[in-house]
Structure formats: structure tokens, C-alpha cells
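Heavy atoms only: backbone and side chains are in, while hydrogens, waters and symmetry mates are out.
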Amino acid sequence: MGDVAKDLTAGTVGGVAQLVVGHPFDTIKVKLQSQPTPPPGQLPKYSGAIDAVKKTLAAEGAGGLYKGMGAPLATVAAFNALLFTVRGQMETLLRSAPGAPLTVNQQFIAGAGAGVAVSFLATPTELIKCRLQAQGAGAAVVVEASAAVVTEAGAAGATATAAKAATAAVPVRYGGPMDVAKQVLRSEGGIRGLYKGLFPTLAREVPGNAAMFGVYEALKQYMAGGTDTSGLGRGSLMLAGGLAGGAFWASVYPIDVVKSVIQIDDYKNPKYSGSIDAFKKILKAEGVGGLYKGFGPAMGRSVPANAACFLAYEVTRSYLG
């Protein structure tokens with residue numbers, strides 16, 4: 001197999017491993033990011049990550065943690081195959097001689113180049129995923145509000161049956177990933193609608209992947225005691241991959257928050273005019289903390305998910321020769 005084919009295959013395997021391990025964390029992250037700012041004197045829908053997990057399990061079962069997984073699962077092969085393949089080709093361009101190891105700085109550049117490429121695939125996938133994940137959070141809010149109204153009416157003679165009917169009458173806007181894509185294409189400007197949030201996605205993927213691949217290589221070389229990292233064990237690869245994933249999110253998390261709120265914003269009555277406007281409004285309404293909503297789940301996801309991804313990639317790449 002040629003290097004491109006090896007990177008395509010190994011990247012695919014790594015991406016599947018990353019998604020299976022990390023998606024529940026990602027769901028909680030988006031729920032926390034997308035919950036509206038509560039009115040003065042009222043508590044937010046979720047008080048934190050643990051509370052979001054408990055309420056999601058109570059309202060939607062374990063499947064609620066995997067909501068929106070269809071879209072990334074359908075494209076994860078292409079996404080990670082593209083990411084690792086472009087990174088591999090960037091390495092080839094940057095090498096001083098065939099087979100020569102890259103410096104850490106060169107790995108930063110290779111990661112940034114890969115980030116540009118994957119942004120164009122990540123944007124529509126993330127838009128679909130975020131809308132399905134946020135829909136679960138929004139529906140739960142409506143359910144609770146309906147139940148509260150009927151409970152008050154119960155004092156005046158409302159029955160339990162009426163309460164159940166009102167609680168059940170919660171509109172669900174999207175039936176699944178394909179339905180999201182169809183509605184966006186039909187009602188939000190066609191293909192352009194699916195690329196809503198491209199700018200913040202680029203602003204996330206380019207520096208994020210530069211940090212991830214740079215830190216990954218730096219840690220491997222540190223643990224190997226030199227540029228030859230071929231002898232590292234699986235534990236070392238998992239540690240380097242997990243910490244590299246953490247570096248990704250630590251470097252770009254506020255941009256991810258902006259991306260999420262832009263992508264779930266109402267098309268006809270938008271709350272934000274663009275990424276800069278969203279950044280300013282979040283900062284004004286919630287302070288710096290508003291730009292780090294869901295940071296705990298994101299970091300909690302990044303370490304095991306990227307440890308699984310890099311290990312799966314390296315083992316598969318090694319197996320292919």
C-alpha cells in the first residue's frame with residue numbers, strides 16, 4: 001500500500017475509535033453550550049456536566065448521549081482519513097530528505113494545513129450534529145415548562161391525563177441527520193446554509209490541529225528521548241494522544257462555543273449577526289465563563305477519545321507496514 005492509502009485506512013480506524021469513545025462527552029458539551037442564559041433570579045437548565053448527564057439519561061435514556069451521532073459516524077471515515085492523509089502529505093513536503101523525521105515546529109505546520117482541509121468537511125457535519133444535540137436540550141426545557149403550567153392548573157381541577165398530554169405535545173423539529181440536511185437545504189439558502197459557521201470552524205481547526213499534532217510529536221520525542229519514536233509502547237502513544245487532544249481544546253475552546261451558537265441560531269430570527277457579534281454578546285451577557293460553557297466535558301472527552309484515536313491510527317498504520 002502507498003502512504004496515502006495507509007493514512008486513509010489508519011485515519012478511518014482512528015476516527016471510528018475516537019467517535020465511539022468521545023461522542024457522549026460531546027453531546028453534554030453541546031447541551032451546556034447551547035442552553036439559554038436564564039432570566040435574573042432563575043437557575044439554568046443544567047447546573048453543570050454531571051447534572052446534564054443525569055437529566056439527559058432521565059429524559060432520553062442512554063440513547064440521548066449518542067444523539068446526533070449519525071452525521072459524524074457517516075462522515076468520520078472521510079474526516080479522519082482526510083485529516084491524517086493531508087497531514088501525511090504535508091509531512092512529505094516539509095521533510096528535508098526522504099524518510100527524515102520532522103521537527104516539532106514542522107508538525108505544527110503540518111497540523112495547521114490538515115486543519116484547513118478538514119474544515120470544509122467538518123462544517124456541515126457539525127451543524128447537523130449540533131442541531132440534533134441542542135434539540136434534545138431545547139425539547140426538555142419545553143417539556144418542563146408545559147408540565148409546570150399544567151401542575152398549576154391542576155390546583156383548579158386539571159387531571160393527570162391533561163398533564164401527560166401537554167407534556168407530550170412537544171414539537172420535534174428534526175427527525176434525524178438527513179432531515180436536518182433537507183430542511184437546511186430547502187429553507188436556509190441551500191448549500192450555503194450547511195456551511196453556516198465555516199469561519200469559526202476554520203478558526204478552530206487550523207490552530208487546534210496545529211497544537212494537537214505539534215504537542216503529540218513533542219511528547220513522543222520527549223518520551224522516546226529523541227526523534228526516533230518507533231519503539232514507543234501503546235501506553236506512551238495513548239498518553240501522548242490524550243494530552244495532544246487536550247491541547248486542541250485548551251487552545252481553541254471559546255471559538256468552539258461561538259461556532260456552536262452560530263450553527264444552532266435561528267435562520268429567520270437570528271440572535272447573532274456573525275461570529276464577532278456572537279463573541280461580544282456572550283461575553284457581555286455571561287462574562288468569560290460563557291465562552292467556556294461545557295469545557296469540562298470537552299476536556300473529559302478529548303483525553304480518552306484522542307488517546308483511542310491516535311493509538312488506533314498508529315497500530316493500524318504499523319500493521320499496514
Is it true that the side chains of [X] and [Y] contain a donor and an acceptor less than 3.5 Å apart?
{"X": "Glu91", "Y": "Gln107", "answer": "yes"}
{"X": "Asn105", "Y": "Thr103", "answer": "no"}
{"X": "Gln263", "Y": "Lys259", "answer": "yes"}
{"X": "Gln133", "Y": "Thr27", "answer": "yes"}
{"X": "Tyr313", "Y": "Asp7", "answer": "yes"}

Would you confirm whether [X], through its side chain, and [Y], through its main-chain N or O, come within 3.5 Å as a donor-acceptor pair?
{"X": "Asp265", "Y": "Tyr272", "answer": "yes"}
{"X": "Gln106", "Y": "Leu94", "answer": "yes"}
{"X": "Thr85", "Y": "Leu82", "answer": "no"}

State plainly whether the residues [X] and [Y] are in salt-bridge range, i.e. N to O under 4.0 Å.
{"X": "Glu126", "Y": "Lys196", "value": "no"}
{"X": "Glu60", "Y": "Lys55", "value": "no"}
{"X": "Asp256", "Y": "Lys29", "value": "yes"}
{"X": "Lys271", "Y": "Asp277", "value": "no"}
{"X": "Asp3", "Y": "Arg317", "value": "yes"}
{"X": "Glu286", "Y": "Lys281", "value": "no"}

Which pair of heavy atoms, one from [X] and one from [Y], lies closest together, and at what distance?
{"X": "Ser275", "Y": "Pro200", "value": "OG-CD, 3.3 Å"}
{"X": "Pro177", "Y": "Leu132", "value": "N-CD1, 3.7 Å"}
{"X": "Val86", "Y": "Ala117", "value": "CG2-CB, 3.8 Å"}
{"X": "Pro297", "Y": "Ile28", "value": "CG-CG2, 3.7 Å"}
{"X": "Asn209", "Y": "Gly115", "value": "ND2-CA, 3.7 Å"}

Requested in this report: Using the test side-chain hydrogen bond (donor to acceptor under 3.5 Å, both in side chains), find all partners of Asn306 that sit at least two apart in sequence or belong to another chain.
Outcome: Gln18
Query raised in the report: Does Phe248 have any ring-ring contact (aromatic ring centres under 6.0 Å, His included) partners at least two apart in sequence or in another chain, and if so, which?
Result: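 None.
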Between [Y] and [X], is there a side-chain heavy-atom distance shorter than 4.5 Å?
{"X": "Ile262", "Y": "Phe279", "value": "no"}
{"X": "Pro254", "Y": "Tyr292", "value": "yes"}
{"X": "Val184", "Y": "Arg131", "value": "yes"}
{"X": "Val257", "Y": "Arg204", "value": "no"}
{"X": "Leu291", "Y": "Leu283", "value": "yes"}
{"X": "Leu32", "Y": "Gln35", "value": "yes"}
{"X": "Asn80", "Y": "Thr12", "value": "no"}
{"X": "Phe213", "Y": "Phe108", "value": "no"}

Quick one: [atom1] on [X] to [atom2] on [Y], what's the gap to the nearest 0.5 Å?
{"X": "Lys31", "Y": "Leu65", "atom1": "NZ", "atom2": "CG", "answer": "8.0 Å"}
{"X": "Trp249", "Y": "Ser302", "atom1": "CH2", "atom2": "OG", "answer": "8.5 Å"}
{"X": "Lys6", "Y": "Ser318", "atom1": "NZ", "atom2": "OG", "answer": "10.0 Å"}

Would the number of heavy atoms belonging to other residues, nucleotides or ligands and lying under 6.0 Å from [atom1] of [X] be above 12?
{"X": "Arg95", "atom1": "CZ", "result": "yes"}
{"X": "Tyr195", "atom1": "OH", "result": "yes"}
{"X": "Leu185", "atom1": "CG", "result": "yes"}

Flag yes if [X] and [Y] sit in one hydrophobic cluster, no otherwise; membership is Ile, Leu, Val, Met, Phe, Trp, Tyr, and two members link when side-chain heavy atoms are under 4.5 Å apart.
{"X": "Val206", "Y": "Leu83", "result": "no"}
{"X": "Leu57", "Y": "Tyr66", "result": "yes"}
{"X": "Tyr174", "Y": "Val261", "result": "no"}
{"X": "Met223", "Y": "Leu102", "result": "yes"}
{"X": "Phe310", "Y": "Leu243", "result": "yes"}

Query raised in the report: Would you call the rings of Phe295 and Tyr253 parallel, tilted or perpendicular if under 30° counts as parallel and over 60° as perpendicular?
Result: perpendicular
Query raised in the report: Between Arg173 and Asp179, does a salt bridge (charged side-chain N to carboxylate O under 4.0 Å, His left out) hold up when you go through it step by step?
Result: CA-CA 9 Å; Arg173 183 175 181 183; Asp179 188 43; over 6 Å; no
